[in-house]
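Lettering follows sequence order; numbering is per chain, from 1.
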Number of protein chains: 2
Amino acid sequence: MNPIGNLNKIFESRIRLGVMSVLMVNVNEEVSFNDLKELLEVTDGNLASHLSTLEENAYIKVHKGFIGRKTNTTYSITKAGEKAFKGHLAALEAMIKFNQ
Amino acid sequence: MNPIGNLNKIFESRIRLGVMSVLMVNVNEEVSFNDLKELLEVTDGNLASHLSTLEENAYIKVHKGFIGRKTNTTYSITKAGEKAFKGHLAALEAMIKFNQ
DNA sequence: TAAAAGCACTTTGTGCATCAAAGTTATATT
DNA sequence: AATATAACTTTGATGCACAAAGTGCTTTTA
């Protein structure tokens with residue numbers, strides 16, 4: 001059986017993988033654009049484009065708010081995102097087990 | 001700490017990941033070009049190019065031989081390849097654990 | 001014995017993705 | 001008034017994945 005058939009194309013990018021991982025860990029907290037940027041050590045433009053890919057796939061949700069009058073954008077994982085990410089991790093785990 | 005800092009760029013391709021996985025499992029057997037092609041369900045040209053990337057990085061070794069007079073090419077993982085792949089799997093595992 | 005098929009590629013070409021850098025708009029700080 | 005921060009968008013370069021077609025050699029089949 002094809003060992004890579006269940007991997008999710010969207011999660012082949014390290015940055016998208018990292019975003020999902022961070023959002024998964026912090027399910028109950030708001031994670032801001034800047035948190036992600038610092039955690040993953042990426043340029044803001046690059047991060048923004050990966051975030052929009054994840055959003056287009058409905059794997060994450062964006063909350064645009066304010067702190068006072070200053071914009072504050074936070075991100076969270078969706079149900080679909082959780083499911084997709086868990087599926088991908090399961091596929092990776094299966095591959096890893098295969099190798100032990 | 002950056003959750004994706006230890007991932008190996010070479011293994012972001014599903015096909016290269018699959019090749020390494022197959023070669024890791026079958027350390028003691030010869031794995032032919034055609035075995036890989038059928039296991040991973042890829043076109044031969046595509047497979048060839050990924051194999052050559054892995055070879056350039058010294059992660060796999062090629063054995064060109066014959067069965068009778070017909071060419072027979074097989075592949076195996078190198079020590080460096082094993083090390084790199086295990087490192088990548090460890091990084092993935094760390095990320096997965098982070099998520100449980 | 002001619003045609004078809006298999007092996008293991010290489011070449012070519014398209015389209016997409018990654019990424020950095022610079023630009024943008026609005027607010028905040030000094 | 002000048003600089004900085006937030007959260008992007010735009011631009012542009014580079015590279016990658018992939019399919020398809022071509023290649024040279026051998027084997028099988030009609």
Side-chain angles (χ1 to χ4, degrees), chain A residues 2-23 29-57 59-76 84 88, chain B residues 2-5 7-23 29-57 59-76 88:
Chain A
N2 188 333
I4 57 175
N6 294 318
L7 296 176
N8 188 327
K9 191 114 228 268
I10 301 294
F11 301 139
E12 268 170 60
S13 146
R14 73 210 286 107
I15 296 177
R16 290 196 294 267
L17 200 62
V19 168
M20 294 302 284
S21 174
V22 170
L23 294 187
E29 297 130 64
E30 298 290 305
V31 180
S32 74
F33 187 88
N34 267 299
D35 292 341
L36 288 171
K37 189 179 147 187
E38 276 157 35
L39 268 167
L40 303 176
E41 298 169 33
V42 284
T43 57
D44 52 358
N46 196 5
L47 176 58
S49 84
H50 284 295
L51 286 172
S52 94
T53 298
L54 288 172
E55 205 197 341
E56 279 159 29
N57 281 274
Y59 289 169
I60 65 172
K61 254 183 325 212
V62 184
H63 315 268
K64 276 163 193 297
F66 293 89
I67 293 182
R69 276 204 193 152
K70 209 173 167 185
T71 56
N72 179 258
T73 310
T74 61
Y75 298 87
S76 65
H88 186 73
Chain B
N2 188 333
I4 57 175
L7 295 177
N8 187 327
K9 190 114 228 268
I10 302 294
F11 301 139
E12 268 171 58
S13 145
R14 74 211 283 110
I15 296 177
R16 290 196 295 267
L17 201 63
V19 168
M20 294 302 284
S21 173
V22 170
L23 294 187
E29 297 130 66
E30 297 291 304
V31 180
S32 73
F33 187 90
N34 267 299
D35 291 341
L36 288 171
K37 189 179 149 187
E38 276 157 34
L39 268 167
L40 303 175
E41 299 169 33
V42 283
T43 57
D44 52 359
N46 194 6
L47 176 58
S49 85
H50 285 294
L51 286 171
S52 95
T53 298
L54 288 173
E55 205 197 341
E56 279 159 29
N57 282 274
Y59 288 170
I60 66 172
K61 254 184 324 212
V62 184
H63 314 268
K64 276 161 192 298
F66 293 90
I67 291 183
R69 277 205 192 149
K70 208 172 169 186
T71 57
N72 179 258
T73 309
T74 60
Y75 298 87
S76 64
H88 186 73

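Partners of A:Glu55 under the side-chain hydrogen bond (donor to acceptor under 3.5 Å, both in side chains) rule, at least two apart in sequence or in another chain, do not exist in this structure. When the side-chain hydrogen bond (donor to acceptor under 3.5 Å, both in side chains) test is applied to A:Thr74, the partners found at least two apart in sequence or on another chain are A:Glu30. Under the side-chain hydrogen bond (donor to acceptor under 3.5 Å, both in side chains) criterion, A:Asp35 pairs with A:Ser32, not counting sequence neighbours. With sequence neighbours excluded, the residues forming a side-chain contact (heavy atoms from CB on, under 4.5 Å) with A:Ser76 are A:Lys61, A:His63, listed by chain and number. Judged as a side-chain hydrogen bond (donor to acceptor under 3.5 Å, both in side chains), and not counting sequence neighbours, the contacts of A:Asn46 are A:His50. A:Ala48 is linked by a side-chain contact (heavy atoms from CB on, under 4.5 Å) to A:Phe33, counting only residues two or more places apart in sequence or in another chain. Remark: B:Thr53 engages B:Arg16, B:Asn57 in a side-chain contact (heavy atoms from CB on, under 4.5 Å) (not counting sequence neighbours).
Separating the OG atom in B:Ser13 from the CD1 atom in A:Ile4 is a distance of 7.5 Å, to the nearest 0.5 Å.
Residue pairs meeting the salt bridge (Lys or Arg N to Asp or Glu O under 4.0 Å) criterion with at least one member in residues 4-14 of chain A, sequence neighbours excluded: A:Glu12-B:Arg14, A:Arg14-B:Glu12.
Of all heavy-atom pairs between A:Leu51 and A:Ile60, the closest is O-CD1, 3.6 Å. Residues B:Val42 and B:Ile15 share a closest heavy-atom pair of CG1-CD1, 3.4 Å.
Put simply, chain A comes within 4.0 Å of DNA chain C, heavy atom to any atom, from C:dT18 to C:dA28, going 5' to 3'. When DNA chain D is scanned 5' to 3' for any atom under 4.0 Å from a heavy atom of chain B, the first and last hits are D:dA17 to D:dT27.
Both B:Tyr75 and A:Gly68 sit near DNA chain C, but only B:Tyr75 has its closest nucleotide nearer the 5' end.
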Does B:Met20 form a side chain to side chain contact (heavy atoms under 4.5 Å, CB included) with B:Leu54? I'd like the steps, not just the answer.
CA-CA 9 Å; B:Met20 294 302 284; B:Leu54 288 173; 4.0 Å; yes
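Counting non-hydrogen atoms under 4.0 angstrom, A:Lys37 reaches nothing in the nucleic acid. Residue A:Phe66 is out of contact with every strand shown, counting any heavy-atom pair closer than 4.0 Å.
The stretch residues 38-47 of chain B comes close to DNA chain C through B:Asp44, B:Gly45, each having a heavy atom under 4.0 Å from the strand. Residues of residues 8-17 of chain B having a heavy atom closer than 4.0 Å to DNA chain C: none are found.
A distance of 6.0 Å or more separates the ring centres of A:Tyr59 and A:Tyr75.
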